[in-house]
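Position 1 is the first residue of the sequence, and the numbers go up from there.
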Amino acid sequence: MTMDRMRKYKRFTNNTCARVLFVLFVSWILLIFTASLMPGGASSDQSDTLVKWLGPLLSRFPSITEPGYFVRKMAHLTEYFVLGALAAAQRPPLTGARTAIRAFSGPLTAIIDEHFVQALLSVDRGPSWSDVGLDLLGYYIGLTIIGGIIYIQSSRKAKSPKS
């Protein structure tokens, strides 16, 4: 393979990967909004099912007095952790616009989800600032962990001698 073809192939795979990650990122936001459109009763039923599955594990922690509540709050943290991880995996380098998108897409999604989708479009559900706080915590944990891993890997690549 010639050098020119190798560069074109690398550019193609990098662009394809970036597009796939972006589609996953947007799809995850839509999944979050779709889950928020679920009526309160159906959402509680889902949480109860998960509590039954996790019952033996949750029973080992006596500080968890309300397993259903705990599972619902961990769902917020987890879904936004994934969103933060997908945001961190978006294409570098971090220009001003890309940094702003990464920094504000999580909070914007959380506020729209909690205070518009749930408050205006959902049945038996209302907004909660504590849920927005959990969403932001999950988002920034995912952004930090995956972003840190990517940073460490890219700095190792930059330091390694080129052959």
Side-chain angles (χ1 to χ4, degrees), residues 14-153:
N14 286 345
N15 288 339
T16 303
C17 184
R19 286 184 188 113
V20 168
L21 284 170
F22 181 74
V23 167
L24 286 172
F25 180 75
V26 171
S27 298
W28 195 258
I29 290 173
L30 293 174
L31 181 83
I32 289 170
F33 290 161
T34 302
S36 293
L37 288 171
M38 189 179 303
S43 177
S44 291
D45 290 345
Q46 266 190 346
S47 297
D48 291 342
T49 301
L50 199 53
V51 167
K52 287 176 188 171
W53 289 348
L54 297 174
L57 177 66
L58 294 175
S59 66
R60 294 179 187 203
F61 299 95
S63 59
I64 301 175
T65 56
E66 295 181 49
Y69 179 80
F70 177 78
V71 165
R72 283 192 303 277
K73 298 311 166 187
M74 287 298 100
H76 278 274
L77 197 70
T78 304
E79 67 187 6
Y80 279 86
F81 175 88
V82 171
L83 185 65
L86 288 169
Q90 297 298 311
R91 186 177 184 175
L94 286 178
T95 61
R98 288 186 181 154
T99 301
I101 289 169
R102 285 186 179 122
F104 296 114
S105 60
L108 190 60
T109 302
I111 291 169
I112 290 170
D113 175 44
E114 200 68 32
H115 291 280
F116 292 104
V117 175
Q118 280 190 23
L120 302 175
L121 302 174
S122 298
V123 178
D124 299 334
R125 294 179 81 167
S128 166
W129 282 107
S130 64
D131 287 348
V132 172
L134 281 171
D135 296 342
L136 295 180
L137 181 64
Y139 179 78
Y140 287 118
I141 290 172
L143 193 67
T144 303
I145 290 173
I146 302 305
I149 291 169
I150 291 170
Y151 175 78
I152 290 168
Q153 285 180 337

Legend entry - Pro127 side chain reached by Gln118 side chain, heavy atoms, under 4.5 Å: no
Inset, instruction - Calculate, to the nearest 0.5 Å, the distance between atoms OG1 and CG belonging to Thr49 and Leu54 respectively. - result: 11.0 Å
Inset, instruction - For the pair Gln90 (side chain) and Leu21 (backbone), establish whether a donor and an acceptor sit closer than 3.5 Å, ignoring hydrogens and angles. - result: yes
Inset, instruction - Could you grab the distance from atom CG of Leu50 to atom CE of Met74, nearest 0.5 Å is fine? - result: 12.0 Å
Legend entry - Exercise: identify the closest heavy-atom pair between Ser105 and Tyr139: OG-OH, 3.0 Å
Legend entry - Euclidean distance, Leu83 CG relative to Thr78 OG1, rounded to 0.5 Å: 12.5 Å
Inset, instruction - For Tyr80 and Thr109, run side chain to side chain donor-acceptor pair (under 3.5 Å): C-alpha distance rounded to whole Å, both residues' side-chain angles, the deciding distance at 0.1 Å, then the answer. - result: CA-CA 9 Å; Tyr80 279 86; Thr109 302; 5.7 Å; no
Inset, instruction - Look only at the side chain of Ser47 and the backbone of Gly68, and say whether a donor-acceptor pair between them is shorter than 3.5 Å. - result: no
Legend entry - Separation of Trp129 CH2 from Ile111 CD1 (nearest 0.5 Å): 5.0 Å
Legend entry - Close side-chain approach of Asp131 and Lys73, heavy atoms under 4.5 Å: yes
Legend entry - Euclidean distance, Trp53 CH2 relative to Leu58 CG, rounded to 0.5 Å: 13.5 Å
Inset, instruction - For Trp28 and Glu79, indicate whether the former's side chain and the latter's backbone hold a donor-acceptor pair under 3.5 Å. - result: yes
Legend entry - Minimum heavy-atom distance between Gly142 and Ala88, given as atom pair plus value: O-CB, 4.4 Å
Legend entry - Any side-chain heavy-atom pair of Phe33 and Asp113 under 4.5 Å: yes
Inset, instruction - Mind listing the closest non-hydrogen atom pair of Ile146 and Ala89 along with its distance? - result: CG2-N, 4.5 Å
Legend entry - Rounded distance (nearest 0.5 Å) linking atom CG of Leu86 with atom CZ of Phe22: 11.5 Å
Inset, instruction - State, yes or no, whether a side-chain contact exists between Tyr140 and Pro107 at a heavy-atom distance under 4.5 Å. - result: yes
Inset, instruction - Return the minimal non-hydrogen interatomic distance between Leu121 and Leu37, and the atom names on each side. - result: CB-CD2, 3.6 Å
Inset, instruction - Would you check if the side chain of Arg125 reaches a backbone N or O of Met38 as a donor-acceptor pair within less than 3.5 Å? - result: yes
Legend entry - Side chain to side chain, Asp135 and Ile32, heavy atoms closer than 4.5 Å: no
Legend entry - Glu114 side chain to Ser128 backbone, donor-acceptor under 3.5 Å: yes
